[in-house]
Amino acid sequence: MIVGTAGHIDHGKTSLVRALTGVDTDRLKEEKARGISIDLGFAYLPAPDGSVLGFVDVPGHEKFVHNMLAGAAGIDFVLLVIAADDGVMPQTREHLAIVDLLGIVRGLVALTKVDLVPHSRRTEVVDEIRQALAATGLANADILPVSTETGENVDELRRRLFAESQAMHTRNVRGRFRLAVDRSFTLAGTGTVVTGTVLSGAVSVDDRVVISPTGRPARVRSIHAQGRTTARGQTGDRCALNLAGEGIGKDSIVRGDVIVDPDLHAPADRIDAIVRLLSSEPKPINQWMPARLHHAAAEVGARIVLLADAPIPPGGEGLVQLVLDRPLAAASGDRFVLRDTTAQRTIGGGRFIDLRAPPRKRRTPERLDQLAAHAVPDPAAALEALLERPPFFADLSVFARDRTLTAEDAAALVECCNAIKLPTANATLVMSAAQWLTLKRALLATLQKFHAEHPDLPGLGLEPLRMQIHRRLPAPGFLSFLQGLTNSGDIALDGAWVRLATHSVRLTDPDEKLWGRIAPLLQGKERFRPPRVRDIAGLLSAREPDVRKLLKLLGRMGKVDEVAHDHFFLRSTVAEMVDIMIDSSAKAADGQFSAAQFRDRVDNGRKVAIQILEFFDRHGVTLRRGDVRRINKHRLDLFRCAGEGEKSISGRESSPVGRPDFKSGRGREPVLGGFDSLSLPPSSRSAR
Ligand SMILES: Nc1nc2c(ncn2[C@@H]2O[C@H](COP(=O)(O)OP(=O)(O)OP(=O)(O)O)[C@@H](O)[C@H]2O)c(=O)[nH]1
Ligand SMILES: [Mg+2]
């Protein structure tokens, strides 16, 4: 258990810690000279149960409240020190407000210097204290009269602290490691040492950590926890870490930095939060009000953006966006305190709700609804609430990181919420099973409708499909969703096209008829020099655009290939030409053949032969060097005829490129304008 003192200057905090532990925490020369505490002091006290109590002694001077704040962030139990002669003073109230804003509800009031006052004063001051505590989390705290001068109740106080420590359930060691740095120094023979309270998780010797927000990596060389050497420190321990790493020195780590599990490093400079303004404040919080923000041991300048219409009145509470001067290493749910810009008084504080606050549309009803879900403390309940609201998905990676959840915690969360994961390259999105099903139904219905209206099209483009679905996922998540449906056999992805698995392209009756007349022109003797679109149109007295459109469609169906502009060959002819090239190359000692050799075999004139070879070059089937070409056996399957997949052609290796290659965006599509979109739409490209 970490005990922190609080209270007005000179009320006897340091004396009390010394009486309890035997340690004088005022170490600085200036502290000795002025007889006041300036910075944080630390002491340890072994308890009878074998545990060790840690003490953080804070200064009471109004100028050093920022130091008090740095110390108060990691404490479990507050020892509010009030001198019986003075009674409740300004920093008694301010420290009490801070402790309350930080959510510290366990504590005890030490009524010090009782040796200096008559007995009647004791009851008087106790009444005053009760009033001050009334509206806080410490309303029911015990008030114990003590004197370090006479020793009255010092043993009793120590005994009570031991009992409190024992009663306190060991803090849950769940979560990833975070330690808020309050000191950084160099120790001769050891190196760089940082101290602070472990806010979550645990750390072991040799662990890799990151200093956040700077992002510098380091290794933990050794650990002291609660004043003792150990191999491991955990939540609630005050630890000293000896850190090693490039550029690691006492000056590269400062008070306010947070040593974190590398996966947690994601500083935030725009945070949505719930804030409470102290009732003692004279003015409300207005739009864009500046303030000093204290979080853990860090302090930054901030602007307050109101998320509701009205200003937050003294004693009131409201949602705000905190726009920070520089990023903080924080976690969702962390407490913070606000002070005025001149650092003269504490004005309020609250709890971080969403570390990834949007700079725009931050007050829309949809966003505020999401914030309500983010505000739920229990991770499972919060995630469940998020998934029930627009946009009906969440980024699990970000959610888990910002709540410092471990991988196991995150997995358990998915299980517990019955959520469905959509893994993408950089993140894992999650949806509720119900929403996933809704999306699936909407998608299948959209495709079904599209196929019914366009039986001659291979499918709907990825991006148009995504935009047509009312429940819209971001492109990478959508691709992941489609991949899931592909795996389950509901849909098929062909290049950039999405179709129902059951859909196959059918020609319309007029097209079927026209094809019946065109096909013979591409076969037989003339198959290596078939007529071009214009010639076909002339021969059949058909409209040129109709012929072109049909042949392009047949290209998508894999029946023909557009070898050169407006020059279509039957797929079987292309396959035959591939065989001819294989044969030519097999007959040559060096596996190479010339354009002239190819032209002689297909007998179609130099110009056409070259166009065909260039077509194969573009598809990587042939590799050209000067006047000769080689076969690239890895691309041979590109031009097999439909249904020919099983036929083994000697010398050909079955290759993964037989199917359209979704990943690379390459497929069977002719390079020359035969396909509306050769590569994937930009959205699906960004999906990787
Ligand atoms: N008579 C009497 N004097 C006390 C008692 N406790 C502290 N003092 C005296 O009060 C003065 C201030 O004590 P500190 O312990 O330094 O007070 P503090 O609260 O730590 O002061 P800051 O850290 O500067 O805020 C010292 O001169 C102490 O000797 C007490 O119980 N009785
Ligand atoms: Mg002191």
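Whatever order the structure lists them in is the order used to number ligands and atoms, beginning at 1. Residue numbers start at 1 and run along the sequence shown.
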May I ask you to check whether Lys113 has an N/O atom sitting below 3.5 Å from an N/O atom of ligand 1?
yes
N or O pair under 3.5 Å between Gly60 and ligand 1:
yes
Tell me the nearest of Ser37, Gly12, Ala84 to atom 24 (O) of ligand 1, using heavy-atom distances.
Ser37
With heavy atoms of Ile36 as the reference, note each atom of ligand 1 found under 4.0 Å away.
24 (O)
Side chain, backbone, both or neither: which part of Leu116 has a heavy atom under 4.0 Å from ligand 1?
side chain
Looking at Lys32, I want to see if its NZ is surrounded by more than 12 non-hydrogen atoms of other residues, nucleotides or ligands under 6.0 Å.
yes
As a test of understanding, state which of Glu94, Glu299, Glu281 forms a salt bridge (charged side-chain N to carboxylate O under 4.0 Å, His left out) with Arg339.
Glu94
Specify whether the nearest protein heavy atom to atom 15 (O) of ligand 1 is under 4.0 angstrom away.
yes
Would you call the rings of Phe352 and His295 parallel, tilted or perpendicular, taking 30° and 60° as the class edges?
tilted
Which is closest to atom 5 (C) of ligand 1 by heavy-atom distance: Asp57, Thr148, Thr5, Thr150?
Thr148
Is it true that a side-chain atom of Lys113 and a backbone atom of Asp85 form a donor plus acceptor pair closer than 3.5 Å?
no
Sphere of radius 2.8 Å around the Mg ion (ligand 2) - protein N, O or S atoms inside:
Thr14 OG1, Ser37 OG
Within this structure, what is the CG-CG distance for the pair Asp10 and Asp86, rounded to the nearest 0.5 Å?
8.5 Å
Salt-bridge test for Arg276 and Asp100: reply yes if a basic N is under 4.0 Å from a carboxylate O, no otherwise.
yes
Under 3.5 Å, which donor-acceptor pairs do the side chains of residues 133-146 form with other protein atoms, sequence neighbours left out?
from: Thr136; atom 1: OG1; to: Leu133; atom 2: O; distance (Å): 2.7
from: Thr136; atom 1: OG1; to: Leu138; atom 2: N; distance (Å): 3.0
from: Asp142; atom 1: OD2; to: Arg160; atom 2: NH1; distance (Å): 3.0

Student check: side-chain heavy atoms of Thr92 and Ile129 closer than 4.5 Å
no
Report the nearest protein non-hydrogen atom to atom 13 (O) of ligand 1: residue, atom name, distance rounded to 0.1 Å.
Ser15 OG, 3.4 Å
Look at Asp261 together with Arg178 and state whether they make a salt bridge at an N to O cut-off of under 4.0 Å.
no
closest protein heavy atom to atom 21 (O) of ligand 1 is Asp10 N, 3.0 Å
Report yes if the side chains of Val58 and Phe64 come closer than 4.5 Å at any heavy-atom pair, otherwise no.
no
Heavy-atom distance to atom 19 (O) of ligand 1: which of His95, Lys13, Gln91, Met68 wins?
Lys13
Per-atom contacts of ligand 1 with Ile9, taking only distances under 4.0 Å to non-hydrogen atoms:
24 (O), 25 (O)
Taking 4.0 angstrom as the limit, do Asp155 and Arg158 come out as a salt bridge?
yes
Please find the pair of heavy atoms, one from Asp237 and one from Ala225, that lie closest to each other, and give the distance.
OD2-CB, 3.8 Å
Return the option from Leu111, Thr14, Val17, Asp115 holding the heavy atom at the smallest distance from atom 20 (O) of ligand 1.
Thr14
